[in-house]
Amino acid sequence: MIFSFTRKLLQWHAANPRSMPWKNTKDPYKIWLSEIILQQTRVEQGWPYYERITKKFPTVKHLANAREEEVLKAWEGLGYYTRARNLHAAAKQIVNDPEGKFPSTYERILNLKGVGPYSAAAIASFAFDLPHAVVDGNVFRVLSRYFGINEAVDSAKGKKLFSELARQLLDKKNPADYNQAIMNFGALVCKPSTPECAICIFKKQCIAYKTDTVFELPVKSKKAAVRYRWFNFLVLENDKEVIIEKRTAKDIWKGLHQFPVLETVSYQAQSDFLKAWKQTAFFKGENIKVNGISKVIAHKLTHQTIFAQFISVPISAVKKPLPEGWLRIKKSRLKTFGFPVLISNYLAQFRNEEDGSK
DNA sequence: GAGACGTGGAA
DNA sequence: TTTCCAAGTCT
């Protein structure tokens with residue numbers, strides 16, 4: 001049987017087509033790539049990355065054969081960099097598989113690194129027309145409002161309830177269309193803060209609309225606490241060269257690069273920072289003058305606010321051999337490394353000042 | 001199961 | 001300006 005919700009949703013979808021580059025293909029590689037890019041990411045933000053990455057890595061083999069550095073560089077600026085590292089790992093998983101082709105069952109797709117229940121259902125339906133219902137933020141929102149469900153979507157009970165409901169509502173003859181329809185509907189009509197209830201096809205049935213609880217739904221129980229961190233960057237440089245290092249810890253921006261940093265839990269006066277560094281074994285010990293000090297920059301992220309300051313010091317202030325992990329590179333090569341936006345912004349400003357002074 | 005993980009657009 | 005949050009997954 002097919003529910004009236006499903007029938008009307010499919011009608012809406014047919015009348016409101018939405019063009020996106022990954023919708024012109026049945027290539028599971030490209031569909032998988034688009035789904036990873038779109039995790040927690042707006043279509044408009046992911047679109048250019050999809051174009052760039054499919055051009056750079058046209059097949060899963062190209063991606064698997066790339067170096068992790070290249071993959072991270074391609075992902076630079078998109079955020080949630082674990083996605084890029086998992087994407088790369090999954091590409092290797094796929095090409096090393098004895099069957100030698102993209103996995104084509106829900107369970108095997110789910111087994112790929114970085115692919116959870118949502119992405120597995122999306123890939124299974126879009127690439128292979130398998131009857132699996134997607135459950136993402138759009139689906140939570142649309143279903144919680146339409147059916148007036150106030151169970152928290154991020155609780156175990158809520159997740160189970162919504163998955164089961166989504167499974168029942170799925171048009172099993174048309175899983176790709178149905179999944180695309182409900183996500184588009186959530187993105188274009190049943191929006192989080194500015195839903196288009198006035199023109200909504202479900203105005204007569206929607207419980208939230210009828211009970212004036214549209215803005216209470218969906219219910220989320222968790223609230224992210226914001227943590228504060230202070231990053232004191234040491235920019236060792238001369239006209240031609242600079243020292244950078246790669247972030248390798250299980251922490252934000254893993255795999256990207258930065259300047260050598262001293263992290264503190266509270267504000268660190270620049271003089272104290274310099275004093276601390278000058279006491280390390282790597283400081284040459286001569287009386288070094290500081291080139292310049294940046295203002296404190298507040299970089300606000302979803303779960304933490306990072307206060308950053310950059311202290312520029314002549315590269316000659318550091319003793320050889322360099323500390324483990326430090327890379328002395330030509331400034332012309334900076335563009336070949338991946339950096340978090342915080343660092344990219346600093347570099348861009350630096351370049352602009354250079355240009356401006358000439 | 002709670003907490004961690006980025007960025008940029010919209011209100 | 002600040003706050004919210006977008007096609008989630010991993011640990």
Side-chain angles (χ1 to χ4, degrees), chain A residues 18 20-23 31-50 72 75-87 89-90 109-126 132-142 152-160 162-163 166 176 178-188 190-195 215 218 220-227 229 231 247 249-256 258 298-306 308 338-345:
Chain A
R18 192 182 186 196
M20 295 179 285
W22 44 85
K23 289 303 155 196
I31 290 170
W32 163 59
L33 175 61
S34 73
E35 290 305 332
I36 303 303
I37 288 175
L38 263 33
Q39 289 171 3
Q40 296 289 284
T41 303
R42 288 187 165 76
V43 167
E44 303 72 42
Q45 192 186 357
W47 188 315
Y49 284 85
Y50 175 84
L72 280 166
W75 205 269
E76 182 183 45
L78 193 53
Y80 282 161
Y81 298 94
T82 298
R83 290 183 296 172
R85 290 183 288 107
N86 283 340
L87 188 80
I109 295 168
L110 182 61
N111 190 42
L112 295 172
K113 261 207 183 322
V115 173
Y118 160 76
S119 303
I123 298 163
S125 64
F126 294 143
H132 293 272
V134 294
V135 182
D136 72 335
N138 291 304
V139 174
F140 285 135
R141 192 166 57 253
V142 172
V153 299
D154 51 0
S155 69
K157 193 175 167 192
K159 280 179 198 163
K160 201 173 163 190
F162 282 95
S163 308
Y178 170 82
N179 281 336
Q180 194 56 57
I182 193 165
M183 288 195 288
N184 283 1
F185 187 79
L188 301 176
C190 197
K191 297 181 283 185
S193 54
T194 55
F215 294 100
K220 295 176 188 175
S221 58
K222 294 175 200 156
K223 46 209 169 284
V226 174
R227 146 171 94 116
R229 307 171 76 175
F231 284 9
R247 290 182 67 89
K250 199 173 86 182
D251 190 7
I252 191 169
W253 301 325
K254 182 176 177 186
L256 300 189
Q258 63 180 7
H299 193 62
K300 295 185 179 185
L301 306 172
T302 305
H303 305 291
Q304 51 186 296
T305 294
I306 293 171
F339 293 97
V341 166
L342 172 67
I343 304 291
S344 297
N345 284 350

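Here is the naming used below: chain letters follow the sequence lines, and residue numbers restart at 1 for every chain.
- Counting non-hydrogen atoms under 4.0 angstrom, A/Ser155 reaches nothing in the nucleic acid.
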Can you check each nucleotide of nucleotides 6-11 of chain B against protein heavy atoms at under 4.0 Å and return B for base, S for sugar-phosphate only, - for none, in 5' to 3' order?
BBBB-S
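- Residue A/Gln180 is in base contact, counting any heavy-atom pair closer than 4.0 Å across all strands shown.
- Which of B/dC5, C/dA6, C/dG8 sits closest to the side chain of A/Pro192 comes down to C/dA6.
- With sequence neighbours left out, A/Lys254 forms a side-chain contact (heavy atoms from CB on, under 4.5 Å) with A/Arg85.
- Judged as a salt bridge (Lys or Arg N to Asp or Glu O under 4.0 Å), and not counting sequence neighbours, the contacts of A/Lys157 are A/Glu151.
- For A/Trp47, the side chain to side chain donor-acceptor pair (under 3.5 Å) partners are A/Glu51, not counting sequence neighbours.
- Remark: A/Ala121 pairs with A/Tyr106, A/His132, A/Val134 by the side-chain contact (heavy atoms from CB on, under 4.5 Å) rule, at least two apart or across chains.
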Step by step, would you call A/Phe126 with A/Gln180 a side-chain contact (heavy atoms from CB on, under 4.5 Å)?
CA-CA 9 Å; A/Phe126 294 143; A/Gln180 194 56 57; 3.4 Å; yes
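- The residue A/Val139 sits apart from the nucleic acid: no heavy atom pair falls under 4.0 Å.
- In terms of position on DNA chain C, the residue among A/Ala187 and A/Asn86 whose nearest nucleotide sits closer to the 5' end is A/Ala187.
- Computed from coordinates, the A/Ile37 CD1 to C/dG8 C1' distance equals 14 Å when rounded to whole Å.
- The nearest whole Å value for the distance from the CE atom in A/Met183 to the P atom in C/dG8 is 9 Å.
- To the nearest whole angstrom, the two P atoms, one in B/dG8 and one in C/dT9, are 22 Å apart.
- For A/Gln258, the side chain to side chain donor-acceptor pair (under 3.5 Å) partners two or more places apart in sequence, or in a different chain, are A/Glu245, A/Arg247.
- Mapping A/Arg18 and A/Leu110 onto DNA chain C via the closest heavy atom, the residue that lands nearer the 5' end is A/Arg18.
- In this structure, A/Arg141 reaches the sugar-phosphate backbone alone: every heavy-atom distance under 4.0 Å involves primed, P, OP1 or OP2 atoms, never a base.
- When the P atom of C/dT3 is taken as reference, atom CZ of A/Phe215 falls 20 Å away, rounded to whole Å.
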